[in-house]
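Report on one structure; see the data block that follows.
Every chain is numbered from 1 and lettered A, B, ... according to where its sequence line falls, protein lines coming before strand lines. These numbers come from the heavy atoms of this one structure, side chains and all, not from hydrogens, waters or symmetry mates.
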Amino acid sequence: MAEETRRLLELSHICKEFELKQGERLKAVADVTLSVEKGEWVFVAGESGCGKSTLVRLAARTEPLTSGKVLFEGKDLTSAREKELRWYRRQAQVVFQDPGDVCSPRMKVGRFLMEPWINFEKKTRREAKEMALYALERVGLSKEFFEKYPHQLSGGEMQRVAVARAIALHPALLICDEATSALDVSVQRQIIHLLREHQRETGVGILFICHDLALAENFGDRVAVMYLGHIVEVMAGNDLRKHARHPYTRALLDSVLSVRSDRQKPIPVLPGEPPSPVNLREGCVFRSRCRYAEEVCARKMPGPREVGDGHWAACWRAQGLPER
Amino acid sequence: MRRKWMRFFLFLFLAILVLSVAVWGNRLAPWDPLETDFEAKLMPPGREHWMGTDNVGRDVFSRILCGARNSFALTFLIIALVSVLGTWIGMVSGYFGGPLDTVLMRVTDILLAFPDTVFAIAVVGMLGPGLKNTVTALSFVWWTKYARMARGLAGVIRTRDYIVQARFGGAGTLKILVCYVLPNIVPQVIIMAALDVGGMMLALAGLSFLGLASQPPAPEWGYMLYEGKSYMQTAPWIMIFAGLAIFVTVVVFNLLGDSLRDILDPKE
């Protein structure tokens, strides 16, 4: 049971469908099973529109699921009431993509940082203020920011404030939705650095959604690759480049541009666009763009199969593909 | 940027001027606004009566000064009432959505389908003339405007990230409404209210003009128009000055509302 207790967040076969007009159904998240363990940094990578953000909202329990289960520290939150959700929100924190929308435009940054202390911990205003000032200091922002409004801060500063608040109460889990995507590269580094430092200190589990495979490769204990609502491959981050099995993961890796790329070589491009997620046909979701697609791929969507140690791929041909 | 503020302070100054007339009007008035003097009835504007006298010899200038208080008190009372009420109803409706929202919005649709003043006249007509009924009637037709706006804004705000963040900051629903949604609606409400002062004053004057709002002999601008109507040809000054008072006030508050919008505009 030791393994059980390490498990923090568990998403089990979660689905989210949106009903569009006239019986059209959009499957944003389809049968996703994923877990985050204590102290683990899990990345979910994929193109925009693949359902990453919906996955975040489901994991954060801000949106109802169509089916499946969300467990946190073994407790089922699927049909949790407000009281349990409140407990969950005390343990889990979110950081979103858009730093301009983190804080109400009419609320000062200081007040924003004080909120959790006042609401969750029932601190007095003075204590909360102390905590807020400490939080600012911790992310390298001066005291002056306490009295500022969000629009007076740059995106990077605001995102640091967002992270400062998210980690202030030492949550067990951090859910980040493209938390660095809207930022300059140098600021991205700061944020990632902050998160990693905090993880080292407290052992927080991080579920990090992004589309940057290079980031996932460098920092992810595990990386899940998502395509059209499905998780097509899960594997250890540092194995990514060498051992990726799924054709989609490989295509994504090929499109990561390196600083040292050879200008003479052609840049491999994944052909086509992802098909519309409305009323998907039978078969593997990736087959329309997959160069290894066979007849079997048109019949049924492959389930995740273990292809290595802690390495799962949802591909009929995963075993037969050539090594990279 | 500076011009915007200059404009705002100019109109604010004018508005305060008009308001101070309303507050200290009875002290400034050279005559008793209720005192009749049949010797001096229908006197044209002159040295003694700056704006002339009406059909029973009351000083028009004094009546306008004193009438300001009545007109303003009623206007502000109704606007305060409908903006607070309408904003809350609209905000709750927009934030929660669902069947409650549908019902409320159909009700506002029905109320908005009638022209404000006509509907108010109908309501006052049913309840009977008098100040209390006028306030009731105008509030009844006016709140929908605020409710619609607040509902629209709340509907957008509730989908924003910062509301989710607020939940993760431990805020309950009431706190979210009061501390996160409301502050982002209030500036728009203030602008709307400032722009509404003129309209409300006109509506009140309209009702008074029809003899439905304030009752004689209390001075009130709209009612003065009504009284002066019969002497429009022989003693036009009664109507002209009362009308001018309404006109100036409406213009000042409309421009104030406009410049307020320029300042509070979140796009800045």
Side-chain angles (χ1 to χ4, degrees), chain A residues 53 56-57 60-63 82-83 85-109 111-123 128 132 149-151 158-159 161-163 165-169 171 173-175 177-179 182, chain B residues 1 4-5 83-84 87-88 90-92 94-99 102 149-150 152-193 260-268:
Chain A
S53 292
V56 164
R57 287 203 291 274
R61 294 299 295 115
T62 59
E63 192 146 334
E82 185 55 31
K83 203 180 150 202
L85 285 180
R86 199 177 146 80
W87 166 81
Y88 177 50
R89 292 189 204 111
R90 169 68 184 80
Q91 316 290 323
Q93 287 289 314
V94 289
V95 181
F96 289 120
Q97 174 175 17
D98 181 5
D101 207 19
V102 188
C103 175
S104 161
R106 305 256 159 208
M107 182 177 272
K108 283 182 182 163
V109 167
R111 184 64 215 268
F112 171 74
L113 287 168
M114 280 160 67
E115 277 287 286
W117 294 104
I118 294 173
N119 294 331
F120 281 127
E121 303 293 300
K122 306 284 172 236
K123 297 272 189 219
Y149 282 100
H151 68 264
M158 201 58 227
Q159 198 68 322
V161 171
V163 171
R165 184 169 107 156
I167 62 180
L169 288 177
L173 174 70
L174 264 177
I175 303 173
D177 183 9
E178 306 230 19
Chain B
M1 183 64 202
K4 261 177 18 186
W5 282 95
S83 58
V84 171
T87 303
W88 267 94
M91 182 172 74
V92 168
Y95 183 79
F96 291 106
T102 315
M149 186 185 66
L153 291 170
V156 174
I157 290 169
R158 87 174 160 159
T159 63
R160 300 286 294 267
D161 284 351
Y162 61 78
I163 296 299
V164 178
Q165 284 283 5
R167 286 228 171 268
F168 276 86
T173 303
L174 187 66
K175 183 153 195 192
I176 286 183
L177 281 177
V178 176
C179 296
Y180 291 84
V181 184
L182 193 60
N184 288 299
I185 294 179
V186 162
Q188 308 293 323
V189 173
I190 291 175
I191 292 164
M192 193 180 235
L260 201 61
R261 173 166 53 200
D262 289 343
I263 287 173
L264 292 180
D265 198 350
K267 273 173 229 119
E268 179 51 42

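- Taking chain A as the reference chain and counting heavy-atom pairs below 4.5 Å, the highest number among G169(B), P183(B), P187(B), G172(B) is found for G169(B).
- Among all heavy-atom pairs drawn from S104(A) and N184(B), the shortest one is OG-ND2, 3.0 Å.
- Only the side chain of E82(A) comes within contact range of chain B, judged by heavy atoms closer than 4.5 Å.
- Counting only heavy atoms from C-beta outward, the side chains of T62(A) and R167(B) never approach each other to under 4.5 Å.
- Between V164(B) and F96(A), the shortest heavy-atom distance links the atoms CG1-CZ, 3.6 Å.
- The backbone N or O of A171(B) sits nowhere less than 3.5 Å from a side-chain atom of E115(A) that would complete a donor-acceptor pair.
- No donor-acceptor distance shorter than 3.5 angstrom exists from the side chain of D161(B) to the backbone of D101(A), with no hydrogens or angles considered.
- Contact annotation for R86(A): only side-chain heavy atoms (C-beta onward) come within less than 4.5 Å of a heavy atom of chain B.
- No more than 12 heavy atoms of other residues, nucleotides or ligands shown are found within 6.0 angstrom of NZ on K83(A).
- R106(A) places no side-chain N or O within donor-acceptor distance of the main-chain N or O of C179(B), the cut-off being under 3.5 Å.
- Heavy atoms closer than 4.5 Å to chain B are found nowhere in R57(A), neither backbone nor side chain.
- Considering every non-hydrogen atom in both F168(B) and F120(A), the closest pair reads O-CE1, 3.3 Å.
- When heavy atoms are compared at a cutoff of 4.5 Å, A166(A) does not approach chain B at all.
- Residue I118(A) touches chain B through its side chain alone, counting heavy-atom pairs closer than 4.5 Å.
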### side chain to side chain contact (heavy atoms under 4.5 Å, CB included) assessment of Q165(B) paired with V94(A)
CA-CA 7 Å; Q165(B) 284 283 5; V94(A) 289; 4.3 Å; yes
